[in-house]
Amino acid sequence: MRTALIINHVPFEDAGTLGDELTDAEFAVTQIDASMANLSAIDAVAPDLVVVLGGPVGVYEQDAYPFITDEIALLKTRLAAQRPTLGICLGSQLMAAALGARVYTGTNGKEIGWSALGAAPGSAGQDWFAALLAPSLHVLHWHGDTFDLPDGAIHLAQTSQYAHQAFAVGNHALALQFHPEVKADGLERWYVGHACELSQAKIDVSRLREESRMYAPKLENGARQFWRQWLRHAFGDAVTR
């Protein structure tokens, strides 16, 4: 049985549809809280898959949140070994940092809400990513930081607000700045958990909730298709049903 280690930063930003697909693919899943776990004691290459989820801290806040240093070190070791690794939002930024790229506060403000992705120039041929690029599919964005592309990375997706929305390295590493994993029935926890950020960004929660009702169910279906395709890409055809 394959194993997956999921690293989260706040409980309500969970693995969502990805977690469901890992269960269906018969992964043995272990979840840890990055801020509470002894990350330096973890064998970085042992799990078949490591997933790093989102959270409200910044990669550059290592003095305030020392666990970030250990998290980047874990990812450096794992990525150097070319072991399957997936990062979402903060997870993608941590992967970028582990690969030597700059992570910083974006100059175009916070990107919070639903919108479609555009294919990045030169990204053609990544068929396993196509499900997320359907023009009718909107994904959830929730970030204010961004990153430079690491050397050797394949740029996969962009939006008009921030160009670097996704990158891949080889067959083993995938970083997603946006949130394809979210499920409609879990988003109310996000509105409460990020209430201060939403207020400061002057985001209308009622409007965001209504957009989520429109777009989240379709994203769930598209994301499940995408997760299955990426798992096959990373592990081979036998990994999913």
Side-chain angles (χ1 to χ4, degrees), residues 6 8-24 51-56 86-93 106 108-120 123 126-146 155-167 174-231 240:
I6 297 177
N8 66 28
H9 301 90
V10 287
F12 57 85
E13 292 198 29
D14 58 30
T17 54
L18 172 60
D20 295 340
E21 290 300 322
L22 290 175
T23 298
D24 288 347
V51 178
V52 185
L53 298 175
L86 170 70
I88 296 174
C89 199
L90 173 58
S92 71
Q93 297 161 11
N108 295 327
K110 288 187 178 291
E111 187 174 32
I112 299 176
W114 293 86
S115 69
L117 296 168
S123 63
Q126 312 301 320
D127 294 343
W128 51 269
F129 194 76
L132 293 181
L133 296 174
S136 61
L137 188 74
H138 286 57
V139 300
L140 181 64
H141 304 271
W142 204 303
H143 69 105
D145 290 346
T146 188
H155 186 195
L156 296 170
Q158 60 185 354
T159 65
S160 59
Q161 191 166 348
Y162 285 102
H164 296 160
Q165 294 288 344
F167 68 81
L174 177 63
L176 307 173
Q177 176 64 85
F178 53 95
H179 289 276
E181 82 285 6
V182 294
K183 298 168 74 171
D185 61 4
L187 283 171
E188 198 65 34
R189 295 183 299 159
W190 288 55
Y191 311 145
V192 176
H194 291 307
C196 291
E197 182 181 21
L198 291 171
S199 177
Q200 290 171 359
K202 295 180 169 51
I203 301 292
D204 184 332
V205 178
S206 295
R207 180 176 177 180
L208 181 59
R209 181 182 292 112
E210 186 58 33
E211 290 178 348
S212 297
R213 288 174 181 151
M214 286 191 295
Y215 298 126
K218 187 166 186 177
L219 175 60
E220 288 186 37
N221 293 330
R224 289 179 188 277
Q225 178 184 351
F226 163 68
W227 296 130
R228 290 192 290 269
Q229 291 172 338
W230 182 73
L231 288 170
T240 57

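Between Leu156 and Ser123 the shortest heavy-atom distance is O-OG, 3.8 Å. In terms of heavy-atom proximity, Ala184 sits nearest to Glu220 at N-OE2, 2.8 Å. Nearest approach of Leu132 to Leu137, heavy atoms of both residues: CA-CD2, 3.8 Å. Taking both residues in full, the closest heavy atoms of Gly113 and Leu208 are given as CA-CD1, 4.0 Å, listed atom of the first, atom of the second, then distance. Closest non-hydrogen pair, Ile88 versus Pro180, comes out as CG2-CD, 4.5 Å. Pairing each heavy atom of Pro135 with each of Ala116, the nearest pair is O-CB, 4.0 Å.
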Margin query: Show, in sequence, the C-alpha distance, side-chain angles and deciding distance for Leu22 and Leu231, and conclude whether the side chain to side chain contact (heavy atoms under 4.5 Å, CB included) test is met.
Written below: CA-CA 9 Å; Leu22 290 175; Leu231 288 170; 4.1 Å; yes
Note to self: Before you tell me yes or no, could you show the steps for Lys110 and Glu197 under side chain to side chain contact (heavy atoms under 4.5 Å, CB included), namely the whole-Å CA-CA distance, both residues' side-chain angles and the distance that decides it to 0.1 Å?
What the structure shows: CA-CA 10 Å; Lys110 288 187 178 291; Glu197 182 181 21; 3.1 Å; yes
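Note: His141 and His143 have tilted aromatic rings, judged against thresholds of 30 and 60 degrees for the angle between ring planes.
For the pair Thr23 (side chain) and Gly19 (backbone), a donor-acceptor distance under 3.5 Å is present. Trp230 places no side-chain N or O within donor-acceptor distance of the main-chain N or O of Trp128, the cut-off being under 3.5 Å. Using a distance-only test at 3.5 Å, with no hydrogens or angles considered, a donor-acceptor pair links the side chain of Tyr162 to the main chain of Gly109. A donor-acceptor pair under 3.5 Å is absent between the side-chain atoms of His138 and the main chain of Leu219, judged by distance alone. When atom types are taken as modelled, the side chain of His164 and the backbone of Gln177 share no donor-acceptor pair closer than 3.5 angstrom. Without hydrogens or angle criteria, Gln158 side chain to Ala119 main chain gives a donor-acceptor distance under 3.5 Å.
Within the 4.5 Å cutoff, side-chain heavy atoms of Leu86 are placed close to those of Leu176. Residues Trp190 and Val182 have side chains in contact (heavy-atom distance under 4.5 Å, counting atoms from C-beta outward). At least one side-chain heavy atom of His194 sits less than 4.5 Å from a side-chain heavy atom of Phe12.
For Trp142 and Glu13, the side-chain atoms include no donor-acceptor pair closer than 3.5 Å.
Salt bridge status for Glu210 with Arg207: absent, with no side-chain N to carboxylate O gap under 4.0 Å. With salt bridges taken as basic N to acidic carboxylate O contacts below 4.0 Å, one links Arg189 and Asp14.
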